[in-house]
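Worth saying up front: this structure is predicted, and the values here are computed from it rather than measured. Counting convention: from 1, in listed order, for ligands and their atoms alike.
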Amino acid sequence: MMAKLGRELKAKGVQVIDLSLGEPDFKTPQHIIEAATEAMNQGYTKYPPIAGFPELKQAIITKLKRDNNLDYAPEEIMVSTGAKQVLANAILSIINPGDEAIIPTPFWVTYASLVSLAEGKNVFVPCSISDNFKITPERLEAAVTDKTRLFIFSSPCNPTGAVYSKEELKALADVFARYPDIVIISDEIYEYINYGGRHESIAQFPGLRDRVVVVNGFSKGFAMTGWRLGYMAAPAELVKACDKLQSQFTSGANSIAQRAAITALQADLTPSLDMVRAFKERKEFIIPALQAIEGVRISEPAGAFYAFPDISSFFGRSNGSVTVNNADDMAMYLLHTAHVIGVSGAAFGDEQCIRFSFAASMDTLKEGARRIREALEALR
Ligand code: PLP
């Protein structure tokens, strides 16, 4: 909705600062584009195997070993049309009507929508800025019931940028060890967008690996959002169920994108690392700039490319004509008065915060920060 309103303003000639988008503002690296062209010339223009080309599965297996020290077999890998379809396949395969899925908030909204689509029940565990937006083992255990079937989280997290350390994941794994029927979906799509800490996967803990669904893809780390390609690493039985769904939904992911993805995984990661360096510089500008505004509380993101400030201290205040009572109001206020587009935290199950993407040029961010500051300072 914000995107639509933003487009309408832009069409009227207003200089809009759009900080709403969840995608890198970089072009796909040239060697990946060339690999796609070559694939088309080589004739990779026909139906691919439903779960993905064996060569791509092998490249994913090699990547999971290289980056994550995880061991997988080809029948435990499946390639889909974006991490979003990976999540859809997994959630629809796992959740039966009435099953409960524990989701720490804030969360990426697709998780809850897919659980609802599968007629499951979302059990939200609120996490806030004071716990760096991470679920604790105690709060996780308190949410478990005999109906709990699934736990879904992302690390690095969209929208908070929180990254779980190995110790924090181990503490959660210890809880799951007591509940063998719970499957864990670990969304690691922002793996490469990490500002210092090592990326850790909850699949690394022995005993847990066989009920973890690792979700990853090419959209964020390789600036390939439009190619629509993601993958899962999961127990073979689950992959088999997802294969059945996928064979009816799509017949498999785009063959050309799959061939190019082999190159993405095997080639030098320098373009991805350069992109992350740029995100880091922007983070180092935007976080202090927002923090400097009186009344804004912000937790430093350790990964992904979002600032997620808590703006609840402004609720109840007015600029004389508009009163801001919640996060939705704040998003509308910033859109109409500052022409800055953010996304209300309510879209992620958090009523206190607003999300600004810093996958935007430094000039855009500077102008955005200036306008946000002016608009917030006008609220009394
Ligand atoms: N998971 C998270 C946390 C995301 O933010 C996104 C995209 O915004 C996705 C998954 C989906 O990625 P894809 O483009 O591969 O479908």
What I want to know is whether [X] and ligand 1 share at least one N or O pair that is separated by under 3.5 angstrom.
X: Tyr111; answer: no
X: Lys220; answer: yes
X: Ala83; answer: yes
X: Thr225; answer: no
X: Ser154; answer: no
X: Arg228; answer: yes

Ignoring hydrogens and angles, state whether a donor on the side chain of [X] or [Y] is under 3.5 Å from an acceptor on the partner side chain.
X: Glu188; Y: Asn68; answer: no
X: Arg355; Y: Asn158; answer: yes
X: Asp310; Y: Ser312; answer: yes
X: Asn122; Y: Tyr111; answer: no

What is the nearest protein non-hydrogen atom to atom 9 (C) of ligand 1, stated with its residue, atom name and distance?
Trp108 CH2, 3.3 Å

Heavy atom of the protein closest to atom 1 (N) of ligand 1 (residue, atom name, distance):
Asp187 OD2, 2.6 Å

Close approach of Gly217 to ligand 1, heavy atoms, under 4.0 angstrom:
no

Could you establish whether Gln85 and ligand 1 come within less than 4.0 Å of each other, counting only heavy atoms on the residue side?
no

Where does the angle between the aromatic ring planes of Phe305 and Phe279 fall among parallel (under 30°), tilted (30 to 60°) and perpendicular (over 60°)?
tilted

Look at the rings of Tyr44 and Phe53 and say which category their plane angle falls in: under 30° parallel, 30 to 60° tilted, over 60° perpendicular.
perpendicular

Determine, for Phe151 and Arg211, whether the Lys NZ or Arg CZ falls below 6.0 Å from the six-membered ring centre while staying within 45 degrees of the axis.
no

Look at the side chain of Thr250 and the backbone N and O of Gly252, then say whether any donor-acceptor pair between them is shorter than 3.5 Å.
yes

Interfacing atoms of ligand 1 (cut-off 4.0 Å, heavy-atom, [X]):
X: Ser219; value: 13 (P), 14 (O), 15 (O)
X: Gly82; value: 15 (O), 16 (O)
X: Asn158; value: 3 (C), 4 (C), 5 (O)

With heavy atoms and a 4.0 Å threshold, my read on which part of Glu23 contacts ligand 1 is neither

Would you kindly specify which portion of Tyr190 sits under 4.0 Å from ligand 1, judged on non-hydrogen atoms: side chain, backbone, both or neither?
side chain

